[in-house]
Amino acid sequence: MRYDHATLEKKWQERWRAEAPFAAPDRPTGKKAYVLDMFPYPSGQGLHVGHPKGYTATDVVARKRRAEGWSVLHPMGWDAFGLPTENYAIKVQKNPKEIAAANIDNFRRQIQSLGFSYDWTREVNTSDPSYYKWTQWLFLKLYERGLAYKAKAPVNWCPKDQTVLANEQVVNGCCERCGTPVEQKELSQWFFRITAYADRLLAGLEGIEWPERIKAMQRNWIGKSTGAEIAFAGVTESGEEFSVPVFTTRPDTLYGVVAVVLAPEHPLVATVTAPAFRDRVEAFVTEAAAKAERERTESVQKRGTALGVSVRHPLTGANIPLWIADYVLPQYGTGAVMVVPAHDDRDWAFAEAYGFDPLFVIAPPAGIQHGEGAYTGEGIMVNSGPYDGIVNAQAATDIVDALVAVKAGTRAVHWHLRDWLVSRQRYWGAPIPIILCDDCGEVPVPEKDLPVELPDDVDFRPTGESPLARSASFHDVSCPRCGNPARRESDTMDTFVDSSWYFLRYCSPTEDDRPFDPALVAAWCPVDLYVGGAEHAVLHLLYARFVTKVLFDVGALPFDEPARTLRNVGLILGEDGEKMSKSRGNVVNPDDVVAAHGADTFRIYEMFMGPFEDAAPWNEQGIVGVRRFLERAHGLAENVGQASDAALHRLTHQTLAKVSADIEGFRFNTAVSALMILVNAFGKAESVPQQDWETFLQMLSPFAPHLAEELWERLGYDESVARQNWPTADAALLVEDEMKIVVQVDGKMRDALIVPAGIDEESLKGRVLASEKVQTWIRGRHIEKIVVVPGKLVSIVLQKAA
RNA sequence: GCUCCCGUGGUGGAACGGUAGACACGUGCGCCUUAGGAGCGCAUGCCGCAAGGCGUGGGGGUUCAAAUCCCUCCGGGAGCACCA
């Protein structure tokens, strides 16, 4: 019988569609596993071969868990709002709704063609009013708690997409979506106060099993700096007193300050600059303003100019010149720094350019020379008055204490994280549920009026203002508070708001009068295993953590981290080793792979490519080997018999132990390899013992569910192989009666002996020394020692020849 | 520039400090076949007829034993990049 993957896979997929055997129970009974993929953005291009790599991994785990008797929630849905769909809709002059629906249908068809065991009864779509109603509810919850606010602030503006962007969505100064350089604009926008959660977002990383790399990126993004805010007081030429607050993480270097430098944008610049310096300073400020932030921050040169005024050192009273320089950024810290060239690389460069002498206040450890650059390490204090002779860490504490005592400083913490800008001047997103009333100001839309639905009567083209602002039917409303005519907020929300809570919706996807059933969420969540790409490290994964913590505080959730374990799926590259892209012409279409080789082959190939987390190039040749493996397995079904075979039985159980452990450890490549070895052994046997064959099919079923079901059915069983209990490896069979002992002489392998498993050390040594081969290597030499590693090897060390 | 990760056959990759190269691709030879192959068998790190020697980016070290641990250099990737 031929292995006709197309017919066979169609048969099983139809059955799964009709019978929904993978629907999760309403609530878990016993152990539960919530196994989640990052839901896809249903783009017009269709599924990428990279998607099924993560989906297959979660499917293998989900199927194994079910076989182990756990309640499993394994859902799929669509992150359907967003720019690419909207832009395409504008291009073809259709409503984005239609485009999104078509894309979703295509994605669903493609994903279902791969036989994943999703619970399709729980599908969610973020662009559906029944979903975004609750995204709007989430906005209101944040608003109620003062965590959503509108403010005028300098924001990132993408001139191509005609919308503002969150900091997380600006990569190297460019729009994350389209690559256009981002401009700074002063605009009134909606923000989520994620900064209020900075410390908890940092602390929470300790308790979750996420890749260190992702945690490091989040830590870095949150960017906690501990130090001091120090006031440097001064007097202008006209006699007015002023004070410059400076943030530093190195108060220990305070005695090494040679200048204080402000950002060119600092408000004090206008009021303290000495009249004689004004022209030069103004020219410098204008020039700095003209430069894009990128240009300014990329230069290694530290350019600046003096303001012609001094400030006093808070502890020594010494006069310290006040400057401005382009390397000081207005948004970070206090927008002012103390310049310590001896112990900071940037300050060193600045001092070199303008002739300040470095003043060393920390003696480097012996052997390290001063003078060739800044010394940023630890050491003993020097040139620091009363602090000389103590270690710098202690000096940092003592100096801040002294500053506090004279009211010239305080301990301070600064964060890199900034509030999440969530407004978008675009159509295809969830409308922000706020009404703007001339009398009452901002009025939240009452919950009973949700959802605020997207109007259809609009011109979608972006103009820099939300297209919603041009729909009279949308924006003309009466104020819910006073009843007077008012206007709806016309911006929509960042799509990352939609995806920040979707994993909660899967627990009770049809709830109509609340976002989720708290009891069901408490029963299923948090997510036990979350799989997706690393590109979301400081986007979705940070936002989801933030929102989870907010909902925890609201009392809606009994946990405050969304996912216990996170795994990153490695990229699949084109055959040329480059990222797949249309322009390179190296894109592999999953539909073609399924048609040519079958879904099971596709799934196993992606698992077999290499370590799950590594990037790996596609190889059309390589897929053939997997296909052959399944062909062979298929062929073996005709040779299943009742006779038993001790060696095959043992190998089957050894394979079972390995495959089980490898799935747990995400080592799918070696699990597949073990299955191949077993099939090769079955192929060499007279006939395949039915008992071992069944065990094999059970192990195969998470990887190649269609073929496994088919061959299981051929054994005459009515019940699906997916419903069988995951077998347990027989420990007795994992231990061999005989073992191979490697013999090394002076570290080189010289022989290998087969000995009984229970052999004692003395007899083993005897057997080893009796070996002919070993004798030829030790003849005429004295043995210094013999190292015995039980069950592994014997290492003979000879005395050095004279 | 800083931080982290990684360098193993022609290729993707295996290898609790203990037989380096599992498994698979490719290649070679042979077989089945009218023929073809995404079929079957055997071989396949390098040098060597063999015995044996050499081999995990280069150099050094620790160890009875190093792909694995330490130092250093080279190469590649990722993240951060004036975070005061």
Side-chain angles (χ1 to χ4, degrees), chain A residues 3 172 211-214 216-217 219-225 227-228 246-250 253 261 263 293 296-302 325-329 331-340 343-347 349-350 376 414-417 534 537-538 575 577 596-597 601 604-605 608-611 613-632 635 667 669-680 683-684 740-752 776 783-798:
Chain A
Y3 173 30
N172 285 329
E212 254 330 296
R213 199 163 50 104
I214 301 290
M217 279 194 255
R219 276 190 202 106
N220 191 280
W221 188 259
I222 295 165
K224 182 179 187 177
S225 302
V246 163
F247 176 69
T248 180
T249 55
R250 297 294 305 273
T253 63
V261 180
E293 180 174 323
R296 214 171 109 179
T297 58
E298 267 174 6
S299 146
V300 225
Q301 279 189 3
K302 310 288 176 236
D326 58 4
Y327 76 98
V328 182
L329 302 176
Q331 324 83 303
Y332 189 77
T334 59
V337 304
M338 58 185 217
V339 178
V340 185
H343 303 292
D344 182 282
D345 293 321
R346 295 155 300 175
D347 293 350
F350 174 77
T376 56
H414 278 90
W415 304 84
H416 171 254
L417 185 69
V538 293
E575 293 220 56
H597 308 283
T601 299
I604 294 186
Y605 173 63
F608 189 56
M609 288 174 90
E613 264 135 68
D614 289 3
W618 187 264
N619 183 338
E620 196 58 36
Q621 298 276 15
I623 207 166
V624 169
V626 173
R627 170 71 191 201
R628 283 183 194 143
F629 159 65
L630 291 182
E631 298 259 11
R632 266 196 296 267
R667 295 180 299 268
N669 55 333
T670 50
V672 171
S673 152
L675 291 172
M676 287 174 169
I677 291 169
L678 184 61
V679 161
N680 291 343
K684 290 201 170 84
K740 194 170 167 187
I741 296 291
V742 168
V743 185
Q744 293 183 348
V745 179
D746 274 345
K748 289 200 195 320
M749 186 214 168
R750 294 305 184 190
D751 200 6
T776 62
I783 293 171
E784 190 169 293
K785 66 169 165 176
I786 299 179
V787 180
V788 178
V789 181
K792 286 264 185 232
L793 63 71
V794 175
S795 181
I796 300 170
V797 186
L798 300 176

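Every chain is numbered from 1, with letters handed out A, B, ... down the list of sequences. Hydrogens, waters and symmetry mates play no part in the numbers below; they use all other heavy atoms, side chains included.
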Could you state the CG-P distance from A:D746 to B:A66, rounded to the nearest angstrom?
12 Å
Going by a 90° cut-off around 0, is B:G75 syn or anti?
anti
Rounding to a whole Å, what distance do you find between A:R627:CZ and B:C25:P?
14 Å
Base B:U19 paired with A:K792 side chain (donor-acceptor, <3.5 Å)
no
Would you say A:N669 reaches B:C23's phosphate, i.e. side-chain N/O to OP1/OP2 under 4.0 Å?
no
Exercise: identify the closest heavy-atom pair between A:V339 and A:V261:
CG2-CG2, 3.2 Å
Rounded distance in Å between the C1' positions of B:G10 and B:C5:
27 Å
In whole Å, what separates the C1' atom of B:G13 from that of B:G7?
14 Å
Using a cut-off of 4.0 Å on non-hydrogen atoms, how would the nucleic acid contact of A:L793 be classed: base, sugar-phosphate, or nothing?
base
side-chain N/O A:S225 vs B:A84 OP1/OP2, d < 4.0 Å:
yes
Does either side chain, that of A:T601 or that of A:Y3, offer a donor lying less than 3.5 Å from an acceptor on the other one?
no
For A:V797, report the nucleic acid contact type (base, sugar-phosphate, nothing); a contact means any heavy atom under 4.0 Å.
sugar-phosphate
Please tabulate, one pair per line, each protein N/O and nucleotide N/O from nucleotides 49-52 of chain B that are separated by under 3.5 Å, including the distance.
none

Would you kindly give the CD1-to-C1' distance between A:I786 and B:G18, to the nearest whole Å?
16 Å
Using atom P in both nucleotides, what's the gap between B:G75 and B:A81 to the nearest angstrom?
25 Å
Hey, could you give me the CE/CZ distance between A:M338 and A:R250, rounded to the nearest 0.5 Å?
8.5 Å
Please classify the nucleic acid contact of A:A537 as base, sugar-phosphate, or nothing, using heavy-atom distances under 4.0 Å.
nothing
Rounding to 0.5 Å, atoms CZ (A:F608) and CD1 (A:I623) come to a distance of 12.0 Å
Supply the atom-to-atom distance A:T253 OG1 to A:D344 CG, rounded to the nearest 0.5 angstrom.
8.0 Å
In whole angstrom, give the distance that lies between atom CG of A:L329 and atom P of B:A81.
11 Å
Between B:U11 and B:A78, how many Å separate the two C1' atoms, rounded to a whole number?
24 Å
Per atom distances to the A:V624 side chain, the nearest of B:C42, B:C82, B:A38 is B:A38
Within the structure, does a side-chain N or O atom of A:R213 lie under 4.0 Å from either OP1 or OP2 of B:U3?
no
For Watson-Crick and G-U wobble pairs within 3.5 Å on both distances, what is RNA chain B written in dot-bracket notation, | included for inter-strand pairing?
(((((((..(((.....[....)))((((((.......))))))(((....)))..(((((..]....))))))))))))....
Please confirm whether the shortest side-chain N or O distance from A:Q621 to OP1 or OP2 of B:G26 is below 4.0 Å.
yes
Quick one: CG on A:L630 to CG on A:L675, what's the gap to the nearest 0.5 Å?
10.0 Å
Distance test, side-chain N/O of A:R250 to OP1/OP2 of B:A84, below 4.0 Å
no
Atom CD of A:E631 and atom P of B:A24: how far apart are they, to the nearest Å?
15 Å
Rounding to 0.5 Å, atoms CH2 (A:W221) and CH2 (A:W415) come to a distance of 15.0 Å
What contact category does A:K224 fall into here, base, sugar-phosphate, or nothing, at under 4.0 angstrom with non-hydrogen atoms?
nothing
Taken to the nearest whole Å, CG/A:L798 to P/B:A65 is 12 Å
Between A:N680 and B:A24, is there a contact of a side-chain N or O with OP1 or OP2 at under 4.0 Å?
yes
Nucleotide B:C23, atom P - distance to CD1 of A:I677 in whole Å:
5 Å
Describe the nucleic acid contact of A:S795 in one word from base, sugar-phosphate, nothing, applying a heavy-atom distance below 4.0 Å.
base
Just to be sure I understand the rule, does A:M217 reach a base, reach only the sugar-phosphate, or reach nothing, if contact means heavy atoms closer than 4.0 Å?
sugar-phosphate
Would you classify A:R219 as touching base, sugar-phosphate or nothing, given that sugar-phosphate means primed atoms plus P, OP1 and OP2, and contacts are heavy atoms under 4.0 Å?
nothing
Rounded P spacing from B:G58 to B:G52 in Å
26 Å
Value in whole Å for how far the C1' atom of B:U8 lies from CG of A:D614
14 Å
